Enquirer: 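So that we are looking at the same thing, I have put the structure below in structure tokens.
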Amino acid sequence: MTEPEPSGADIGYISVTFERVLDQALNSGRISDALERSAGTLNREQLRTRALRERAAIAAVAAVEYHAYTESKALAAERTGERDGDGDGDGNSGGSGLLPVLAVFVPSLSAVAAAVFLVSGLALRAFGGRPYIGAGLLTAGFVAAAVAVGGAVADLACLLVAAAHNPSTVDEGVPAGEDAEVKRAREAWQLALLERGMMPFLLARLDEADTRDHV
């Protein structure tokens, strides 16, 4: 199925979040210490430029957490729509609310299918069932898991590329009264982006520059 186009708010928010996390990393004690040890081989602005150039690769490390965040947000929007009732408006809100739900459910359904196939295949093997059926289910499970992870990475990469080409769509705000589950998912995504994506990337660039300087 065709993926819906990311909204301007989504593009803007992911761009702002990436740059905010980048600033947080650049101003952290670990990066400051590493910059001092590197004795000027790279400075903060050079690190920033390199990180922005590789934003898709950095953000892909936290793609699973980003997908969980967008899924939580879509479900929260769906719940809000149900509370508001179906009779208000001109009938267009239902379609616009359905698209983000479908977009995040495609990788989710793949993940559920992967779990079912893997559990079934392992059970057949454990209890001496037909081995060729168990092997087939395990293969199907691995394929479904790859589709789920690949879908999440692709969605995030598309948003980052769009954000890089549309800086005017930036929206810095977090909605007032944000759903508690959405807030937890958002914070988990941002922490993963910082700790597993941004910090290792910046430290690796400094180590590379220091190594070249001493060769």
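Everything numeric here is computed off the predicted structure, so don't read it as measured data.
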Enquirer: If we ignore angles and hydrogens, is there a donor and acceptor under 3.5 Å between the side chains of R44 and S32?
Expert: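 Side-chain D/A pair, R44 to S32: present.
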Enquirer: Is it true that D179 and K73 have a side-chain N and a carboxylate O under 4.0 angstrom from each other?
Expert: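 Between K73 and D179 there is no salt bridge, as every charged N stays at least 4.0 Å from the carboxylate O atoms.
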Enquirer: Between atom CZ of R186 and atom CG of L191, what is the distance when rounded to the nearest 0.5 Å?
Expert: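 Rounded to the nearest 0.5 Å, the CZ-CG separation comes out at 12.5 Å.
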Enquirer: About how many Å separate CD of Q46 and CZ of R205, when rounded to the nearest 0.5 Å?
Expert: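 Reported value, rounded in 0.5 Å steps: 13.5 Å.
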Enquirer: When rounded to the nearest 0.5 angstrom, what distance separates CD1 in I58 from CZ in R50?
Expert: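 Nearest 0.5 Å value for the CD1-CZ distance: 12.0 Å.
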Enquirer: Please check if the side chain of T17 supplies one atom and the backbone of I14 the other of a donor-acceptor pair under 3.5 Å.
Expert: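 No: the side chain of T17 does not pair with the backbone of I14.
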Enquirer: Quick check for you: to the nearest 0.5 Å, what is the distance between L203 atom CG and I31 atom CD1?
Expert: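 One gets 4.0 Å once the value is rounded to the nearest 0.5 Å.
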Enquirer: Not counting sequence neighbours, which residues clear salt bridge (charged side-chain N to carboxylate O under 4.0 Å, His left out) with R53? List them please.
Expert: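 Checked R53 against salt bridge (charged side-chain N to carboxylate O under 4.0 Å, His left out); zero matches.
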Enquirer: Looking only at non-hydrogen atoms, find the nearest pair between S38 and L206 and report the distance.
Expert: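 Distance-wise, the nearest heavy atoms are OG-CD2, 4.1 Å.
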Enquirer: Distance from L22 atom CG to M198 atom CE, nearest 0.5 Å?
Expert: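 Rounded to the nearest 0.5 Å, the CG-CE separation comes out at 4.5 Å.
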Enquirer: Check whether NZ of the Lys or CZ of the Arg R20 lies under 6.0 Å from the centre of the six-membered ring of F18 and within 45 degrees of that ring's axis.
Expert: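 No, R20 and F18 do not form such a contact.
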Enquirer: Strictly by salt bridge (charged side-chain N to carboxylate O under 4.0 Å, His left out), give each pair with a member in residues 59-68 just once, sequence neighbours left out.
Expert: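 Found E65-R196.
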Enquirer: How would you list, by chain and number, every residue that makes a side-chain contact (heavy atoms from CB on, under 4.5 Å) with A185, sequence neighbours excluded?
Expert: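 Per chain and number, A185 pairs via side-chain contact (heavy atoms from CB on, under 4.5 Å) with Y69, S72.
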Enquirer: Can you measure from CG (D207) to CG (L202) and round to the nearest 0.5 angstrom?
Expert: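 These two atoms lie 11.0 Å from each other.
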Enquirer: Tell me every residue that passes side-chain contact (heavy atoms from CB on, under 4.5 Å) with R184, counting only those two or more places apart in sequence or in another chain.
Expert: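 Only A180, E181 meet the side-chain contact (heavy atoms from CB on, under 4.5 Å) criterion with R184.
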Enquirer: Listed by chain and number, what are the salt bridge (charged side-chain N to carboxylate O under 4.0 Å, His left out) partners of E195, not counting sequence neighbours?
Expert: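 Testing E195 for salt bridge (charged side-chain N to carboxylate O under 4.0 Å, His left out), a comparison that skips the adjacent residues, returns R30.
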Enquirer: List in chain and number order the residues that pass side-chain contact (heavy atoms from CB on, under 4.5 Å) with E45, two or more places apart in sequence or in another chain; answer none if no residue qualifies.
Expert: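 E45: side-chain contact (heavy atoms from CB on, under 4.5 Å) contacts with N43, R48.
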Enquirer: Whether the side chain of T70 engages the backbone of H67 through a donor-acceptor N/O pair (distance < 3.5 Å, no angle test) should be reported.
Expert: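 Answer holds: yes.
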Enquirer: What pair of heavy atoms forms the shortest contact from T41 to A209, and how long is it?
Expert: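 For T41 versus A209, the nearest heavy atoms are OG1-CB, 3.8 Å.
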Enquirer: Excluding sequence neighbours, so at least two apart, what forms side chain to side chain donor-acceptor pair (under 3.5 Å) with T49?
Expert: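 T49: no side chain to side chain donor-acceptor pair (under 3.5 Å) contacts found.
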